[in-house]
Amino acid sequence: MDFSIKTNDAKTSIASLKAGCIAVGIYENKKLSPQAQALDKSGEITAALKSGDISGKPGSTLLLRKVAGVAAERVLLIGLGTDGELSDKVMSMAALCVARVLSTLGGNDALLALPFDGIAKQTPERDLAWAIRNSILVLRENSYRSDTLKSKKETTLSGIKKIAFLVATAQAAVAKEAMAQGLALANGIDLTKELGNLPGNVCTPTYLANTAKKLAKEFKLTVEVLDRKQLEALKMGSFLSVARGGGEAPKFIIIKHLGGKAKDAPTVLVGKGITFDTGGISLKGGSGMDEMKYDMCGAGSVLGTMRAIAELKLKLNVIGVIPATENMPSGTATKPGDIVTSMSGLTIEVLNTDAEGRLVLCDALTYVERFKPAAVVDIATLTGACVTSLGHHNSGLFTRHDSAHDALANELLSAGKATGDTAWRMPIEDSYQEQLKSNFADMANIGGPAGGSITAACFLERYTKKYTWAHLDIAGTAWKSGAAKGATGRPVALLTTFLINRAAAAK
Ligand code: BES
Ligand code: MN
Ligand code: ZN
């Protein structure tokens, strides 16, 4: 898909613009948007509305051909609901309608002449820039296919692939920047989806490391991959205890985008990279276990976000860190009751080998102390309990509760709201910490069935005392199950927007 911005000022009527298709909005009660009015010199659009062929409700569309007085070959009417009540949902639905219709049309190119700045009246932050970013994300989401490993590609989208947003000349600069952001985000999201959807026998720790190396080459990032020997030298006993059962070599990936000033402390992203989670000796049940190929979606979202900010040449120092391994049972695997020593020196009684995410993350969280980070955000498909708490709508957000952490939490929450990639804040309190008590080691790796996502966050919290830190549990949001099974690309939009906002604040 090829996007562009086309400008038009009041002097030229949009009726004179040549295109394969021009899309304009109409409202319920047979009302035309200003753009639709401009195409209605012949009265054909009004007549179509009168005939009842299109209701104007969100989701309704009507295609007219060869409208008199309109240079474009086709006019696509898009229902926008009640006039004056444009919402982000309606705009997303409009973009989806455009995507679906264009994918079935002949013609070369489409002009989108929708009221992109119309929502701003209700929701100020939903401005023209938001609408363009959002439309690109919806169009790209609609055209994504996970057919990399199919010998016959799913019918690749035919139809119109050249799409221009029509905006006033004065808005061109804002629109172009929004388009660049939308494209970078979509590219990052696609990478994250692709990595998530690849199976555990393809997307191994080595594959993740090679993906990071490829990104580094393409976007001039620096990358370093540590192997088992180097991890042993670093005394990452907790991470390595998870890697004992599997045949795939563990990898510890460090990828840096240093777009800020040399002296500026970096923002660090740490992504859980379990390329397949069987549970280990505490083996999971068989049904649906294939979905544990998605247990590297935290890592995938770090790579997708690095790709997005690198493409944008973001003026910020960002470091991505990924502990990657599979979690397998075998004769050499860690056993329940085994006690391991983490890089921090703290000992951990592994009561359940299926609580492996925290075991790999704790060593990564200790490792990143060396960067003296401005903030650390870890992203992990950490607990089934988080899915029970928040379902599939919100990622779980955990931080300590002081003013520095409240500020970081609010940055992440508002970045989520801005993109519809939302998170919900959960507590971290000493009363939950007590559930991690072990009779034999400094802590246990599980805290019992109650408040499982919170005790998991409490475990991580113990390794993050030296910096400002937040944890995103994406177990419910990173992929979809059932007929529409597939990675969502979340929370790349949240993370990238969070970093874009940080770069803007640092200016
Ligand atoms: N990767 C899983 C969490 C998970 C489970 C995410 C289901 C999405 C759907 C994680 O490693 C895990 O197995 N967690 C255990 C923790 C428990 C043993 C304390 C869980 O959630 O059951
Ligand atoms: Mn597990
Ligand atoms: Zn896991």
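Both counts, for ligands and for their atoms, begin at 1 and track the order of listing.
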Undergrad: Nearest to atom 16 (C) of ligand 1, what protein heavy atom do you find, and at what distance?
TA: R358 NH2, 3.9 Å
Undergrad: Check this for me: does any side-chain nitrogen of one of D290 and K485 sit under 4.0 Å from a carboxylate oxygen of the other?
TA: yes
Undergrad: I need the K214 NZ to L191 CG distance, nearest 0.5 Å.
TA: 9.0 Å
Undergrad: With backbone taken as N, CA, C and O and side chain as the heavy atoms from C-beta onward, which portion of E291 lies under 4.0 Å from ligand 1: side chain, backbone, both, or neither?
TA: neither
Undergrad: What protein N/O/S atoms sit under 2.8 Å from the Mn ion (ligand 2), by chain and number?
TA: D277 OD2, D354 O, D354 OD1, E356 OE1
Undergrad: For ligand 1, which atoms sit closer than 4.0 Å to a heavy atom of K272?
TA: 1 (N), 10 (C), 11 (O)
Undergrad: Could you pull out all residues at least two apart from S330 that satisfy side chain to side chain donor-acceptor pair (under 3.5 Å)?
TA: T332
Undergrad: Go through the structure and list residues passing side chain to side chain donor-acceptor pair (under 3.5 Å) with D295, not counting sequence neighbours.
TA: K272, T381
Undergrad: Under 4.0 Å between a Lys/Arg side-chain N and an Asp/Glu carboxylate O for E232 and R228?
TA: no
Undergrad: Determine yes or no for a side-chain-to-main-chain donor-acceptor pair under 3.5 angstrom, with T347 supplying the side chain and D442 the backbone.
TA: yes
Undergrad: In a check of salt bridge (Lys or Arg N to Asp or Glu O under 4.0 Å) between E411 and each of R502, K417, R425, which one passes?
TA: R502
Undergrad: With a cut-off of 4.0 Å, which atoms of ligand 1 are near a heavy atom of I446?
TA: 19 (C)
Undergrad: Atoms of ligand 1 less than 4.0 Å from K284 heavy atoms?
TA: 12 (C), 13 (O)
Undergrad: Name the closest protein heavy atom to atom 2 (C) of ligand 1, giving the residue it belongs to and the distance to 0.1 Å.
TA: D277 OD2, 3.6 Å
Undergrad: Return the closest protein heavy atom for atom 10 (C) of ligand 1 as residue, atom name and distance.
TA: L382 O, 3.3 Å
Undergrad: Given D295, I274, D354, identify the one with the heavy atom nearest to atom 13 (O) of ligand 1.
TA: D354
Undergrad: Would you find more than 12 non-hydrogen atoms of other residues, nucleotides or ligands less than 6.0 Å from E177 atom CD?
TA: no
Undergrad: Which protein N, O or S atoms sit under 2.8 Å from the Zn ion (ligand 3)?
TA: K272 NZ, D277 OD2, D295 OD2, E356 OE2
Undergrad: How does W479 reach ligand 1, by side chain, by backbone, by both or by neither, if only non-hydrogen atoms under 4.0 Å count?
TA: side chain
Undergrad: Quick one: OG1 on T419 to CG on N134, what's the gap to the nearest 0.5 Å?
TA: 9.5 Å
Undergrad: Heavy atom to atom 20 (C) of ligand 1, shortest distance: which of G384, A385, G279 holds it?
TA: G384
Undergrad: In this structure, which one of K284, M328, K293, M296 forms a side-chain contact (heavy atoms from CB on, under 4.5 Å) with D277?
TA: K284
Undergrad: Can you check ring-ring contact (aromatic ring centres under 6.0 Å, His included) on Y467 and F371, steps first, answer last?
TA: CA-CA 10 Å; Y467 45 74; F371 301 127; over 10 Å; no
Undergrad: Heavy atoms only, cut-off 4.0 Å: how does N352 contact ligand 1, side chain, backbone, both, or neither?
TA: side chain
Undergrad: Give a yes or no answer on whether the side chain of N445 reaches the backbone of N352 with a donor-acceptor pair at less than 3.5 Å.
TA: yes
Undergrad: If I take atom CD from residue E349 and atom CG from residue N439, how far apart are they, to the nearest 0.5 angstrom?
TA: 7.5 Å
Undergrad: Have a look at F239 and tell me which of T366, L231, L359 forms a side-chain contact (heavy atoms from CB on, under 4.5 Å) with it.
TA: L231
Undergrad: Mind checking whether T381 has an N or O less than 3.5 Å away from an N or O of ligand 1?
TA: yes
Undergrad: For the pair D2 and K161, find out whether any cationic side-chain nitrogen is under 4.0 Å from an anionic carboxylate oxygen.
TA: no
Undergrad: Nearest protein heavy atom to atom 22 (O) of ligand 1: under 4.0 Å?
TA: no
Undergrad: Any idea which part of N327 is under 4.0 Å from ligand 1, heavy-atom wise: side chain, backbone, both or neither?
TA: neither
Undergrad: I'd like to know if the side chain of S342 and the backbone of D363 have a donor-acceptor N/O pair within less than 3.5 Å.
TA: no
Undergrad: In terms of residue, atom name and distance, what is the protein heavy atom nearest to atom 9 (C) of ligand 1?
TA: M292 CE, 3.6 Å
Undergrad: Assess R462 against F459: is NZ or CZ under 6.0 Å from the centre of the six-membered ring, and within 45 degrees of the ring's axis?
TA: no
Undergrad: Among A475, S481, A478, which residue places a heavy atom closest to atom 6 (C) of ligand 1?
TA: A475
Undergrad: Using a strict cut-off of 4.0 Å, indicate which atoms of ligand 1 neighbour a heavy atom of E356.
TA: 11 (O)
Undergrad: In this structure, which one of L195, I379, I474, T192 forms a side-chain contact (heavy atoms from CB on, under 4.5 Å) with C297?
TA: I474
Undergrad: Counting only heavy atoms closer than 4.0 Å, does ligand 1 sit against the backbone of M296, its side chain, both, or neither?
TA: neither
